[in-house]
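Indexing begins at 1, ligand by ligand and atom by atom, following the structure's order. Numbers here simply count residues along the sequence, with the first being 1. Heavy-atom basis, side chains included; hydrogens, waters and symmetry copies ignored.
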Amino acid sequence: MKYKFPHYLFIAPLAIALSCGGTKNTGISSAKEEKLPIDRKVDSVLALMTLEEKAGQMNQYNGFWEVTGPAPKDGAAALKYDHLKKGWVGSMLNVKGVKDVRALQKIAVEETRLHIPLIFGFDVIHGYKTISPIPLAEAASWDLEAMQHSAEIAAAEAAASGLNWTFAPMVDVSRDARWGRVMEGAGEDPYLNSRIAEARVKGFQGNLGEFSVAACVKHFAGYSFAEAGRDYNTVDISDNTLHNIILPPFKAASEAGALTFMNSFNELEGIPATGNAYLQRDILKDKWNFKGFVVSDWGSMGEMISHGYAKDMKEAAMKAANAGSDMDMESYGFVTHLAALVREGKVSEANVNDAVRRILRVKFMMGLFDDPYKYCNEAREQQTIGKKEFHDGVLDVAKKSIVLLKNEKNLLPLKKDGQKIAVIGALANDKTSPLGSWRIAAADGTAVSVLEGLKKYTGNTLTYAKGADVAVGTIAFGSETHINMTDKSGFAEAVTAAKSADVIIMVLGEHGLQTGEGRSRADLSLPGVQQELLETVYKANPNIVLVLNNGRPLTIPWAAKNIPAILEGWQLGTEAGNAIAQVLYGDYNPSGKLPMSFPKSIGQVPLYYNHKSTGRPGNGQPTESVFWSHYIDIDNAPLYPFGYGLSYSKFEYSNLKMSSNSFSKDGKITVSVDVKNISGVEGKEVVQLYLQDLVASVTRPVRELKGFELTAIRAGQSKTVTFTIDEKLIEFYTANKKFEAEPGDFKLWIGGDSNTTMEASFTYTN
Ligand code: BGC
């Protein structure tokens, strides 16, 4: 059916004298430009809207109705249906598939008074049907192109399924591995998070064509700093941490053109993010000149009542609207109260107009006014989802995400024939857990298991023994629920398999739904009896390659000491088993580096490399005094540091050179290093640059990542890698409450992880 232009697009723009920012390509956060036609169209629609319809645009509902069934007659679904027909719904989430999207869109554009199309959102976090590695795993690739491509694949499949908006990327800098949502972001570093945020935004949004979806940068802001790593818990952070650590990736994503932001469940300075004008208005919309819209997190407007920040939903709606929340996800706050609040003078209509403009502008940019059925093409849906090239794409990024943590006794890569291999662990034979959390459109059982991946190599003999299940605490949903598993009845079979094997591959870790929202853990060791299984098998035969499948850093000090080879295999998505097998057999040389520090003990958490010095840093070694910042029962160092990861190649760093050891305002210096592959195999290395600002108006971290380059180096060859250091790179949020570079002395390190000792120094003057 052909969509006809509604009449409002032909009326002359009415004189609504509200400011409209410019738009540019895919970005709408660009600085002041002259008013573009899109803004005139937006104004012409806005001019026709009643207050109720405006509040309706600011209302988002979860899918409420099986569209193939009869129209809902009672309860919440009937109310939503009624609102939809009245034009009181601006967006829906969790509706997918062309058929359903088309049916709902048809109501919006054919049955409502103004025919304004809906925008359809969905959590396409790491793939739609063809699943990429979890975002934390992808971050370990440090491969921005691969991550952008992975987002492109996700966007193409989602868009083919009728969707036009993903609630990703999550750019929350995460320092606390107890928090289940660390799996959804890019780890503990603001610089790495920023570069990845840009890549993901570009990947999702592309050219805003029919294979693109609008990005939603979340959760704005501070959500990952929930106390004790407990999801939704209180957040209490300094302005310094907010500006220097938490906000940079959000700013980078906004500058990369992200069309929308999502606020968050947490409070900041005692004000819930949804009602926080400092974040949403002062910083995002005023300072950063962001022109897109902000959607609340699920029900977060209503949650301001539980926070003790609003007495009822009406007050919550007022506070949210006044603070710059533009769309209400599932609180019913705006749709129920906003029009009255405007009439009572508690929310200005200008505020409402601004929010509606932002929403309409995104709909225009996504092409939904030109053709509300732009994303509703059954043939494209059929041809696009699950394409072979998408499987190749997610396999590629999955291999790149794997981190080799330890490799002794030359256990890896595996020999391709004549070996007896025992494969042990429930996760080895699991076709669901590799999909990880947040893969709502992918069916259970659609991942390639490690066992299946290994079976493709036919030169060795394989025996499989489960050993033990993965224990999971109480989980809210998911098809597999193993509560407090203590069953060791499979140990004997595992020991027998181990005894007659040359090499044992043990696949241990977390269930796919053991991380993600609401999945905080108070213990970061291998769940259930898996540690005991590992030690039991080790006694029978120590030739073990431990393959970890997990969604967060784990505490595995015993394994790190005793097990000769350890591969971090995360939850790598649809092609997980193929990726892991290819790395185990050396058909792919691992190059991943950890985006989060691995603690030795839960007591060290939150643990991150870019910490402050403190007044009593010590030197990391035992001393006679106890009066320095340390534990008396464990040292401060992580088990594996940020940026760490091995390869089947060996790299040697030398010849650190600087163009000068000082620079001044508007100047720059370059620093270079030679990296030689001293092994017999070609490999890739992530060369990392860290800086420390020694004395500043506010204390600075002991080191901070400020550049990286992923480079392939042939066996025996050497490459020179160069970084440029300028004022922009050393800027931070100073005691003057603004970003600036302060004159002073700096230290610099280059190497293959955050512990590197190859050091130089420079001075910045102005
Ligand atoms: C999560 C968001 C998500 C939203 C919609 C919330 O519970 O915090 O990240 O996008 O639900 O599913």
Side-chain angles (χ1 to χ4, degrees), residues 59-64 89-96 118-128 134-136 151 154-155 158 163-174 179-186 193 197 200-201 204 213-226 229-233 235 249-250 253 258-268 272-274 276 279 292-304 306-307 320 325-333 436-442 475-478 513 515-520 551:
N59 178 36
Q60 185 188 49
Y61 280 148
N62 191 41
F64 59 93
V89 182
S91 169
M92 295 199 50
L93 79 151
N94 290 337
V95 176
K96 61 177 185 342
L118 296 164
I119 181 164
F120 290 86
F122 199 85
D123 289 284
V124 185
I125 307 296
H126 55 113
Y128 181 70
I134 56 169
L136 183 67
L163 301 170
N164 12 74
W165 183 21
T166 176
F167 302 128
M170 183 186 105
V171 305
D172 297 308
V173 169
S174 304
W179 191 53
R181 300 194 81 167
V182 302
M183 56 76 51
E184 224 181 311
N193 256 283
R200 289 188 169 142
V201 167
F204 287 131
V213 292
C216 182
V217 188
K218 68 190 191 185
H219 304 84
F220 196 64
Y223 180 38
S224 53
F225 280 66
R230 207 183 72 215
D231 209 359
Y232 320 120
N233 202 7
V235 168
F250 286 97
L259 293 177
T260 74
F261 265 52
M262 183 185 290
N263 60 36
S264 53
F265 293 127
N266 58 285
E267 66 168 69
L268 195 77
T274 310
N276 199 309
L279 283 173
F293 70 85
V294 181
V295 63
S296 80
D297 203 345
W298 178 291
S300 64
M301 187 183 297
E303 289 181 14
M304 292 204 286
S306 308
H307 275 286
S325 285
D326 302 311
M327 186 180 275
D328 166 13
M329 184 192 288
E330 272 290 324
S331 282
Y332 297 68
S437 207
W438 286 121
R439 41 85 189 174
I440 325 174
I475 57 174
F477 56 85
L513 293 176
T515 42
E517 186 175 352
R519 275 57 171 245
S520 296

Note: K218, heavy atoms under 4.0 Å from ligand 1, region reported as side chain

Ligand-residue contact atoms, ligand 1 with F265, heavy atoms, under 4.0 Å: 6 (C), 7 (O), 8 (O)

Heavy-atom contacts with F167 under 4.0 Å: which atoms of ligand 1 show up? List them by number with element. 10 (O)

Tell me the protein heavy atom at minimum distance from atom 7 (O) of ligand 1, and give that distance in Å. E517 OE1, 2.8 Å

Might you point out which heavy atoms bring G222 and N266 nearest each other, and give the distance in Å? C-ND2, 3.7 Å

With T274 as partner, the option from S331, S264, S300 fulfilling side-chain hydrogen bond (donor to acceptor under 3.5 Å, both in side chains) is S300

Checking the N or O distance criterion of under 3.5 Å, is ligand 1 in contact with W298? no

Please report the C-alpha distance between K96 and F120 in whole Å, then the side-chain angles of each, then the deciding distance to 0.1 Å, and finally whether the side-chain contact (heavy atoms from CB on, under 4.5 Å) criterion is met. CA-CA 8 Å; K96 61 177 185 342; F120 290 86; over 6 Å; no

If you take all heavy atoms of T260 and A215, which pair is closest and at what distance? OG1-O, 2.8 Å

Between R181 and ligand 1, does any nitrogen or oxygen pair lie at a separation below 3.5 Å? yes

N59 versus Y332, side-chain donor and acceptor atoms under 3.5 Å: no

Protein residue, atom and distance nearest to atom 6 (C) of ligand 1, heavy-atom basis: D297 OD1, 2.9 Å

Donor-acceptor pair, S91 side chain versus Q60 backbone, under 3.5 Å? no

Would D123 count as being in polar contact with ligand 1, using the rule that some N or O on each side must be under 3.5 angstrom apart? yes

Between ligand 1 and H219, is the shortest N or O to N or O distance under 3.5 Å? yes

If I compare all heavy atoms of P169 with all of F204, which pair ends up nearest, and what's the gap? N-CE1, 4.0 Å

Does any N or O of ligand 1 fall below 3.5 Å from an N or O anywhere on N94, backbone included? no

Given the options Y232, W438, W179, E517 meets side-chain hydrogen bond (donor to acceptor under 3.5 Å, both in side chains) only with Y232

Which of the numbered atoms in ligand 1 are under 4.0 angstrom from any heavy atom belonging to M262? 2 (C), 10 (O)

